[in-house]
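Right, one structure below, let's go through it.
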Amino acid sequence: MNRSMIRYLLSKLLLIEAGLLIVPLVVAAIYREPAKVFVSIGATMAILLAFGLLGSFHKPKDFHIYAKEGVLIVALCWILWSFFGALPFVFSGQIPNIIDAFFEVSSGFTTTGATILDDVGVLSHSLLFWRSFTHLIGGMGVLVFALAIMDNNKNSHLEVMKAEVPGPVFGKVVSKLKNTAQILYFLYLGLFFLFVVLYFLAGMPLYDSFVIAMGTAGTGGFTVFNDGIAHYNSSLITYLVSIGVLVFGVNFNLYYFLMIRKFKAFFKDEELRTYITIVILSSVLIAYNCLHLYANVAKSFEISFFQVSNIITTTGFGYGTTEKWPLFSQFILLMLMVVGGSAGSTAGGLKVIRCLTLWRIAKNQVLSTLSPNRVLTLHVNDTVLDKDTQHQILKYFTIYSFITIGLLFVVSLDNNNFMTVVSAVFSCFNNIGPMIGTGQTFSIFSPISKLLLSLAMIAGRLEIYPMILLFLPKTWSKR
């Protein structure tokens, strides 16, 4: 194991986080916030700089990163960034408990949007902005961001990017890894600024436009007010947010195809077509099922479309509570929590492509029982999916299921309400945000549950394997 390279790269990443904290520092200056806020951010920057400079002072002799180093760097980076990113909240006293602050920032970087805050009004403008800024950085990936800006033209960091980018199969859009990261971030930030402008033109204040656009881009869901998007009382804003999160729930490789005018590759993508079909069908079913709760069909569809869009993309922007919704509609949302968005997007969940593949594997299995001698192949986007990839998806689903069951057992010790426990676990592990059928925040859980759910958020964002390998003794062996 190349331990010196792990230490060196993690130190560089801590220096990057120190640089990112300049953003909330500028916001604090704009809003002329108390000295305590400046000190809390400055102290965190100083700690990050100290650890970063200390660890990066001696360069490693071997810069090569193998698969083992890749997953360890990714897992450790997300934990460290979440821990150090939580310190300004603790030092300022706005979230004095370190576990609560760690939960909040883990939720931010993993773009979950779950919160322990019963009142977001306790946060200053700068730390409220930092809380949502973690969505923007974490959306495309902390390491993808680092690779986009770090001076590294080699593909030695391929294992790092493979361990972080969501989806069953990793593919570069161009031959050079650094260029791939830069292209992805160019598209990502371009769409982000587009929605900042759209929200502002729709009537949001500029500060709110940035905060909501960061939540949209990262499919995170942190907002400025306790009542979320409902605060703006605007159907235009509601639909803009709904469409916005759906845009960021699409595989970003497809946007690259649009950019180079490969329109056929974009519109023929089976995952995209399945994703849109699920959204439309779920919205119509819920709108019909909840029609008696709203003034008219238009309002019922508006709220249903908003909730479906936010749940399937694992964003979780708030708009009232679904507590009074019929069980049928709540159950649909619960299923959408599991499905999630597209692979290669900022959304979490199991991913549409995996669900589509699992469905076709099950279908082939039934058909092979009826016709044992029949040779069946599985096609996705007119390409045969080999047995190895199919087995990987099945293994992932098995591990995903066992961990979900394990989390349910542990968190159930903390709460007796079945729907609360299930939706809390699904929300965190699938990076959704709010709990279904309850207007409560995650402050109702014990510190142990919060810590476990924080790690579940990181595991869900990194698609499980890096976090599992991090805690295996064999991973750290020198062999």
How far does CG of Leu407 sit from OG of Ser412, to the nearest 0.5 angstrom? 10.5 Å

Is there a side chain to side chain contact (heavy atoms under 4.5 Å, CB included) between Arg131 and Leu128? Walk through the geometry before answering. CA-CA 5 Å; Arg131 177 175 174 255; Leu128 187 67; 3.6 Å; yes

Sorted by chain and number, sequence neighbours left out, side-chain contact (heavy atoms from CB on, under 4.5 Å) with Asp414 holds for Phe445, Ser446, Ser449

Just verifying a value: how many Å separate Leu285 CG and Ile280 CD1, rounded to the nearest 0.5 Å? 12.0 Å

Taking side chain as C-beta onward, heavy atoms only, is Phe222 less than 4.5 Å from Val211? no

Quick check on the 6.0 Å ring-centre criterion: do Phe331 and Phe328 meet it? no

Under 3.5 Å, is there a donor on one side chain and an acceptor on the other for Thr219 and Thr346? yes

Salt bridge or not between Lys450 and Glu104? Use side-chain N to carboxylate O under 4.0 Å. no

In terms of heavy-atom contacts, Met337 and Ser423 come closest through CE-O, 4.2 Å

For Phe210 and Phe133, what are the C-alpha separation, side-chain angles and deciding distance, and is it a side chain to side chain contact (heavy atoms under 4.5 Å, CB included)? CA-CA 9 Å; Phe210 270 95; Phe133 190 52; over 6 Å; no

Give the minimum heavy-atom separation between Ala459 and Phe429, together with the two atoms involved. CB-CE1, 4.2 Å

Taking Gln330 for the side chain and Trp325 for the main chain, is one N or O donor matched with an acceptor at less than 3.5 Å? yes

Does Lys268 use its side chain to pair, donor to acceptor, with the backbone of Phe266 at less than 3.5 Å? no

Exercise: identify the closest heavy-atom pair between Gly113 and Ser107: N-OG, 2.9 Å

Taking C-beta and beyond as the side chain, do Tyr400 and Val338 meet within less than 4.5 Å on heavy atoms? yes

Less than 4.5 Å apart, side chain to side chain, heavy atoms only: is that true for Val250 and Ser345? no

Measure the OG-CD1 distance between Ser282 and Ile332 for me, rounded to the nearest 0.5 Å. 5.5 Å

Check whether any side-chain heavy atom of Leu117 sits under 4.5 Å from a side-chain heavy atom of Asp100, and report yes or no. no

Please report the closest heavy-atom contact between Tyr465 and Ile399, naming both atoms and the distance. CE2-CD1, 3.5 Å

For residues 82-96, please give each side-chain donor-acceptor pair under 3.5 Å, one per line with the distance, not counting sequence neighbours.
unit_1, atom_1, unit_2, atom_2, d
Ser82, OG, Trp78, O, 2.8
Ser92, OG, Pro88, O, 2.8
Ser92, OG, Phe89, O, 3.2
Ser92, OG, Gln94, N, 3.4
Gln94, OE1, Ser124, N, 2.9
Gln94, NE2, Ser124, OG, 3.2

Closest heavy-atom pair, Leu48 versus Glu17, reported as atoms and distance to 0.1 Å, is CD2-OE1, 3.7 Å

CD1/Ile361 to CG/Asn364 distance, rounded to the nearest 0.5 angstrom? 8.0 Å

Verdict with reasoning, Cys428 to Phe442, per side chain to side chain contact (heavy atoms under 4.5 Å, CB included): CA-CA 10 Å; Cys428 290; Phe442 285 80; 3.6 Å; yes

How long is the gap from CD1 on Ile73 to CE on Met5, to the nearest 0.5 Å? 6.0 Å

Given Arg461, which partner from the list Thr112, Asn431, Val74 fulfils the side chain to side chain contact (heavy atoms under 4.5 Å, CB included) test? Asn431

Note, Ser4 side chain near Tyr8 side chain (heavy atom, < 4.5 Å): no

Report yes if the side chains of Thr134 and Met214 come closer than 4.5 Å at any heavy-atom pair, otherwise no. no

Is any side-chain heavy atom of Ile432 closer than 4.5 Å to one of Thr315? no

Considering residues, nucleotides and ligands other than Ile448, do more than 12 of their heavy atoms fall under 6.0 Å from its CD1? no

Closest non-hydrogen atom pair, Ala265 against Phe257: CB-CD1, 3.9 Å

Do Val247 and Thr216 make a side-chain contact, defined as non-hydrogen atoms from C-beta onward lying under 4.5 Å apart? no

Assess Arg354 against Phe397: is NZ or CZ under 6.0 Å from the centre of the six-membered ring, and within 45 degrees of the ring's axis? no

Heavy atoms of other groups near Phe51 CZ, more than 12 under 6.0 Å: no

State the CG-NE2 distance between Asp388 and His391, to the nearest 0.5 angstrom. 8.0 Å

Without hydrogens or angle criteria, can the side chains of Asn251 and Ser342 be said to hold a donor-acceptor pair below 3.5 Å? no

Any side-chain donor-acceptor pair under 3.5 Å between Thr314 and Asn430? no

Residues Phe109, Ile458; criterion side chain to side chain contact (heavy atoms under 4.5 Å, CB included); working and verdict: CA-CA 8 Å; Phe109 277 124; Ile458 297 173; over 6 Å; no

Output yes when a side-chain donor or acceptor of His135 lies under 3.5 Å from a complementary backbone atom of Gly108, and no otherwise. yes

